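In what follows, residues are counted from 1 in the order of the sequence shown. Since we're looking at a predicted model, the values are computed, not measured.
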Amino acid sequence: MRKFGFGLVLSSMILASCQDSDTDPQTIVISTDSETLSERIKLDGSGVVSLINPDAAGRILETSSELPIVLISQVEAPEYQGVKLRATHVDINGDYAYVGYNMEGETYLGAVEIFDISDVYKPKIVSQALFTDAEVSSLEYANGTLQLAMAVDVDGDFGVDSPANLVRVAVAAGKFTSGFSFTSLPGFVANDVTEVGNSTAVTTGNPGVLGLVDLAGNVAQEVEVEDLRSVAYGNDRLAVLSGTEGAIVYNPSNLAQLLKISLGSATPEAKRTIAIADNNLFVSEGSDGAGIYSLSSGQLVSKLPIPINPEGTDPGDIVTNAVSVDNSLLFMANGAAGISVSDVQNTSDIKSLGILDLDGSSNFVRNEENFIFVATGAGGLQILKINKPVTDPTEELCKDLPAYTGNSNLNVNSNEKMAYSGSASLKNVNVGGELLYCGSLAIESSLNVNSNGIMQVVGSFAFGQYKKNTTINVNSDSYLKLSGSTVIYGDLRLNSGATLEFVGEGNTITVYGDVTINSGAKIVGNYTDTEGKLK
């Protein structure tokens, strides 16, 4: 296949981003104006996210969750000349997340953006490449190179032989550091991509090709498979998903077929993804939910149906579009049925953890390095964080404490002392006695530390929801003691005689809501107030 190098000079591309696109249209428009790009990142809806009981739709879990999750922000999709794109794919590597966009219909228009997520609760967009004659279906970062599966207008200015293309660009420190190079493959669209050793595996739609592209941009090997949707690599196996042929596993060195898994036919042009973890193949199977298959034998290991069926919803909108597996957590993007979460560490006894209480239809999900990126039907992104402590607390008072497994509403009476460790997400907490929590704690709605009560959190603490009337009340002669990282999305009220104490060094607190410090309340200890609210 022909490889066409598109060696734009970066300085001219950056200049192009500042020009009037109506009078001087550009094929690739580069922007590194992080402040302007990041204006699309909103706090609306952010805060602690509940898990819904799949057995009782709409009910929050009555027991505490061991998976504290925080919605960090929502990101509106980018626009070009009044046309809004939609997010299609996400990859995460270290301090950066890479997001691809396209638009529905026959028009070629897409983008790729680089998010800096080093400050976990304050992501920002640092770079954007907007394609006026192409769109991004999928992407993956590998060894300093961003690899894009794209559909390109053959009548445009890229000089490509076919609409389906693998596109590569070097990236470093959140910036594009080279031109974009194009490798054409047979098909109308390249729809997925993954690194395979020193090559890149790419799948294309009809006629459908799995191709291996070497570092020089040459298609070294290829095999035709009808209606390809997705590709995954792991355990020295290369797997693809076809809408008509099912899942096929190959030897990545020579593309010899090793096994084939028959599946039901997929809806034409619908997005479906697969993933490999722990020698298993995880497959999104539309209305049938997700399937887990042995990568070595192809045998069915387990089926996970879509947990809920919302009333008044078109059945065609209740489909598993994508699966993502990391750290034994399986996330399923189930369209109008939302995002379901399961613990798949033991595939013979899979534990359903619940459904994320998020707005909008879920078309894609990526769970990696404790971040969760969800692409919604409205075209934007929701960025979430699994709020786990970076390290286990080492203080003497935290040793050998049990995990909390009780009710999501925790009450500590005036004559009680309680101490727990680990990770937990709760609904409401009332403390009249003493409560110590070491590890990672998230509280969604309310925290009341009553008179003469003591509440201490060592590790990571997240509270409340942004602008949703959630409040921490610290009352007279009571103490709220914090060690580590604290993020409060709701309000903080220190009543007269209350004490907010930061214990130890290196403490940070971020408050997005309102802070009330009544006369006689005290704030003591060493801390960094990131938003300047504790004045």
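Contact between Arg366 and Ile92 at its shortest, heavy atoms only, is CG-CD1, 4.4 Å. The shortest non-hydrogen separation linking Val49 to Val70 is CG2-C, 4.4 Å. Shown here for Ala170 and Ser178, the closest heavy-atom pair between the two residues is N-OG, 2.9 Å. Residues Asn191 and Gly205 share a closest heavy-atom pair of ND2-N, 3.6 Å. For Ile308 against Ile318, the heavy-atom pair with the smallest separation is O-CG2, 4.1 Å. Nearest heavy-atom pair, Ala375 versus Ala87, reported as atom, atom and distance to 0.1 Å: CB-O, 3.7 Å.
Between Ser127 and Glu113, every side-chain heavy-atom pair lies at or beyond the 4.5 Å cut-off. Taking 4.5 Å as the limit, every side-chain heavy atom of Val167 sits out of range of all side-chain heavy atoms of Gln147. Counting heavy atoms from C-beta on, the side chains of Glu224 and Pro186 never come closer than 4.5 Å. Leu67 has its side chain within reach of Val341: a pair of non-hydrogen atoms, C-beta onward, lies under 4.5 Å apart. For the pair Leu238 and Val196, the minimum side-chain heavy-atom distance is below 4.5 Å. Considering only heavy atoms from C-beta on, Ile114 comes within 4.5 Å of Val171 through its side chain. Between Ser46 and Tyr121 there is no side-chain heavy-atom pair separated by less than 4.5 Å. Counting heavy atoms from C-beta on, the side chains of Leu109 and Gln81 never come closer than 4.5 Å.
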Notebook entry, point to check: Would Thr320 and Asn334 satisfy side-chain hydrogen bond (donor to acceptor under 3.5 Å, both in side chains), going step by step from the backbone distance to the final call?
Noted result: CA-CA 4 Å; Thr320 301; Asn334 299 322; 2.8 Å; yes
Margin query: Is there a ring pair (Phe, Tyr, Trp, His ring centres under 6.0 Å) between Tyr489 and Tyr466? Walk through the geometry before answering.
Written below: CA-CA 5 Å; Tyr489 288 91; Tyr466 186 65; 7.7 Å; no
Note to self: Checking Ser31 against Asp33 for the side-chain hydrogen bond (donor to acceptor under 3.5 Å, both in side chains) test, could you report, in this order, the C-alpha distance in whole Å, the side-chain angles of both residues, the deciding distance, and whether it holds?
What the structure shows: CA-CA 6 Å; Ser31 174; Asp33 183 354; 5.5 Å; no
Item checked: From CA spacing to verdict: side-chain contact (heavy atoms from CB on, under 4.5 Å), Thr132, Tyr80 -> CA-CA 8 Å; Thr132 61; Tyr80 178 73; 3.5 Å; yes
Item checked: Criterion salt bridge (Lys or Arg N to Asp or Glu O under 4.0 Å) on Lys351 and Glu66, from CA distance to verdict -> CA-CA 12 Å; Lys351 180 181 179 182; Glu66 62 194 54; 3.1 Å; yes
Checklist line | Full working for side-chain contact (heavy atoms from CB on, under 4.5 Å) between Tyr512 and Thr510 | finding: CA-CA 7 Å; Tyr512 291 116; Thr510 299; 3.6 Å; yes
Note to self: Could you go through Val231 and Ile274, starting from their C-alpha distance and side-chain angles, then the distance that decides it, and tell me whether this counts as side-chain contact (heavy atoms from CB on, under 4.5 Å)?
What the structure shows: CA-CA 7 Å; Val231 62; Ile274 55 176; 5.6 Å; no
Note to self: Working note: Ser184 + Asn165, criterion side-chain hydrogen bond (donor to acceptor under 3.5 Å, both in side chains); need CA distance, chi angles, decisive distance, verdict.
What the structure shows: CA-CA 4 Å; Ser184 294; Asn165 279 264; 2.9 Å; yes
Next item on the list: List the steps and the verdict of side-chain contact (heavy atoms from CB on, under 4.5 Å) for Ser361 and Asp317.
Entry: CA-CA 8 Å; Ser361 177; Asp317 294 332; 5.8 Å; no
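Taking OG from Ser73 and CZ from Phe115, the interatomic distance works out to 8.0 Å, rounded to the nearest 0.5 Å. Expressed to the nearest 0.5 Å, how far CG of Leu356 lies from CZ of Phe331 amounts to 6.0 Å. We find the CG-NZ distance between Asp44 and Lys42 to be 7.5 Å, quoted to the nearest 0.5 Å. Atom NZ of Lys385 is separated from atom CD1 of Ile383 by 12.5 Å, given to the nearest 0.5 angstrom. We find the OG-CD1 distance between Ser324 and Ile339 to be 9.5 Å, quoted to the nearest 0.5 Å. Between Ile125 atom CD1 and Thr32 atom OG1 the span is 13.0 Å, to the nearest 0.5 Å.
Under the 3.5 Å distance criterion, the side-chain polar atoms of Glu226 are left unmatched by any main-chain donor or acceptor of Asn206. Put simply, the side chain of Glu368 never gets that close to the backbone of Val90: no donor and acceptor are under 3.5 Å apart. Distance alone, capped at 3.5 Å, is enough to place a donor-acceptor pair between the Asn321 side chain and the Ser362 backbone. Between the side chain of Ser425 and the backbone N or O of Ser65 there is no donor-acceptor pair closer than 3.5 Å. Looking only at distances, no side-chain donor or acceptor of Ser302 sits under 3.5 Å from a matching main-chain atom of Ile292. Without hydrogens or angle criteria, Ser284 side chain to Val323 main chain gives no donor-acceptor distance under 3.5 Å. Without hydrogens or angle criteria, Ser328 side chain to Asp343 main chain gives no donor-acceptor distance under 3.5 Å. Under a 3.5 Å cut-off, the side chain of Asp116 and the backbone N or O of Ser118 do form a donor-acceptor pair. In this structure a side-chain-to-backbone donor-acceptor pair under 3.5 Å is missing from Asn218 to Ala220. The closest donor-acceptor contact from the side chain of Thr508 to the backbone of Thr530 lies at 3.5 Å or more, if one exists at all.
You'll find the ring centres of Phe180 and Phe131 inside the 6.0 Å limit.
With Asp192 as the fixed residue, the side-chain contact (heavy atoms from CB on, under 4.5 Å) test singles out one of Thr203, Val202, Leu210: Thr203. Considering Asn93, Thr194, Thr200, Thr145 as possible partners of Glu140, the one that fulfils the side-chain hydrogen bond (donor to acceptor under 3.5 Å, both in side chains) test is Thr194.
Evaluation of the ring-ring contact (aromatic ring centres under 6.0 Å, His included) rule for Tyr250 yields no partner, not counting sequence neighbours. By the side chain to side chain contact (heavy atoms under 4.5 Å, CB included) test, Ala172 is found to be paired with Thr177, residues two or more places apart in sequence or in another chain being considered.
The aromatic rings of Phe364 and His89 are tilted relative to each other, their planes meeting at an angle between 30° and 60°.
By the neighbour-count criterion of 12 heavy atoms within 6.0 Å, atom CG of Asp278 is sparsely surrounded, having that number or fewer from other residues, nucleotides or ligands. In this structure, Asn198 places its CG atom where only 12 or fewer heavy-atom neighbours from other residues, nucleotides or ligands lie under 6.0 Å away. Within 6.0 Å of the CG atom in Asp359, the count of heavy atoms belonging to other residues, nucleotides or ligands does not exceed 12.
Ion pairing between a basic and an acidic side chain is recognised when a charged N comes within 4.0 Å of a carboxylate O; Arg40 and Glu79 show no such pairing. Salt bridge status for Lys124 with Glu35: absent, with no side-chain N to carboxylate O gap under 4.0 Å. The existence of a salt bridge linking Lys303 and Asp288 is excluded, since no basic side-chain nitrogen approaches an acidic carboxylate oxygen closer than 4.0 Å. Between Glu531 and Lys122 a salt bridge is recorded (basic side-chain N to carboxylate O distance below 4.0 Å).
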